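As structure tokens, the structure follows; a few thoughts come after it.
Numbered from 1 within each chain, the chains take letters A, B, ... in sequence-line order. This one's a predicted model, so the numbers in the text were calculated from it and none came from an experiment.
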Amino acid sequence: MREKIADFKNVLSPLEADILKFLWPDKSLRVRQIYERLKGKRKVALSSVAVLLDRLFEKGVVSRKVETARGGIRYVYSPKKDREQFERGIVETVVNKLIQQFGPTAASYFNERFKKR
Amino acid sequence: MQQLLDFVMNPWVQLFVVVSWTSAFATFLLWKKNGDHRLVYAHLVFLLAPLLAFAIKLSCTMSFVQGLLSLCTMAVAQFFAYLIPIAATTTIILSLWIIPLLYKRHYDAVEIKSEIVGSKSRIYLLDTAKPIAFSTRKNIFVSVGMHELLSSKELEAVLLHELGHIKNNSSAAKLSWLLSRFTIARFSFQKKLEENESKADDYAIKMQGSERFLNSAKRKVEGWERYL
């Protein structure tokens, strides 16, 4: 049940959701590491993984820092929030937006909805 | 009005105007034919020569009584007289100092070391995941994204391409062409830039002895753009 609720289909693209699922347990990963793991599951290119991570960074979902090592220069990405916090953030923004736009209508619907359960 | 008439009727002035405009036209044709960007400045000089002469003459004949008007004319004359040096100095300052500084500020660039590029030019790392690389007069800028996507051989090809730009002095040519776009002509700009790109490519291929790495690097960067 929990998996089903949290596949983030409306918030993230399927690939972005997959990337986040790798990032949450491991805390910090490189683009190439994520690409290696995704390769088995889906048909992706290294550059598209990099694009997606950049997009996530611009959205503020992940943070990154430059790492200079023997293998060259690259980014190490890590999630800004853990899974709980991320889900909570989504719910907060959606509910707040509904209340902001529809006010009483949204509130009365929430009441009805919770009575049913 | 009378001054303008006097000025134009003077046979020496007429000769001067004819000579300078003919030279401007000749420079223009030459420039169009062999595409040397430095001719842009010569063209500007010849084109503005009659105007300049008139402005100087006007300011000299103005009497002191005319006050503000003569001051204004002096300023105009000085502006025209110094126009070419001003343009040249601005170009040099822009290309050597201001444009690299703006790029460094914008991308939080950090200097890095590389064996491929000699001691003559410096490499700066741009803090962005987009695979971009460009060069100003002596500096090469390469993004983290470029390092991430490309293998070391491909990266070498990219750096050599940028070095080729520095060898050909492409950035100065680009600036001159930009200047000419605002002032005189609007054609052959695109063609010249493409020509510079292919020259830089040739340099990279020559130094590496194979075009394999350059082509695969280009494909990877295109892959990124396609995904956006």
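- Counting heavy-atom neighbours within 6.0 Å of B/Phe25 CZ, excluding the residue itself, gives a total of 12 or less.
- Heavy-atom distances place both the backbone and the side chain of A/Ala50 under 4.5 Å from chain B.
- Applying the side-chain hydrogen bond (donor to acceptor under 3.5 Å, both in side chains) test to residues at least two apart or on different chains, the pairs with a partner in residues 148-158 of chain B are B/Ser151-B/Glu154, B/Glu154-B/Ser216, B/Glu154-B/Lys220, B/Glu156-B/Gln208.
- In terms of the side chain to side chain contact (heavy atoms under 4.5 Å, CB included) criterion, residue partners of B/Val221 (sequence neighbours excluded) are, by chain and number, B/Pro131, B/Met146, B/Glu225.
- Within the 4.5 angstrom heavy-atom criterion, only side-chain atoms of A/Glu58, from C-beta onward, approach chain B.
- B/Trp224 places none of its side-chain heavy atoms less than 4.5 Å from the side chain of A/Leu46.
- In this structure, A/Phe57 and B/Thr128 have side chains that are not in contact, with every pair of non-hydrogen atoms separated by 4.5 Å or more.
- Contacts with chain B (heavy atom to heavy atom, under 4.5 Å) involve these residues of residues 28-44 of chain A, listed by number: A/Val31, A/Arg32.
- The distance from the CG atom of B/Asp127 to the NZ atom of A/Lys65 is 12.5 Å, given to the nearest 0.5 Å.
- Using a 4.5 Å cut-off between heavy atoms, A/Leu52 touches chain B through its side chain atoms alone.
- For A/Gln101, there are no side chain to side chain contact (heavy atoms under 4.5 Å, CB included) partners, not counting sequence neighbours.
- For B/Leu155, no part sits under 4.5 Å from any heavy atom of chain A, backbone or side chain.
- Residue-environment remark: NZ (A/Lys59) exceeds the threshold of 12 foreign heavy atoms within 6.0 Å.
- Counting all heavy atoms, side chain and backbone alike, A/Ser47 lies closest to B/Leu149 at CA-CD2, 3.6 Å.
- More than 12 heavy atoms of other residues, nucleotides or ligands shown are found within 6.0 angstrom of CZ on B/Phe134.
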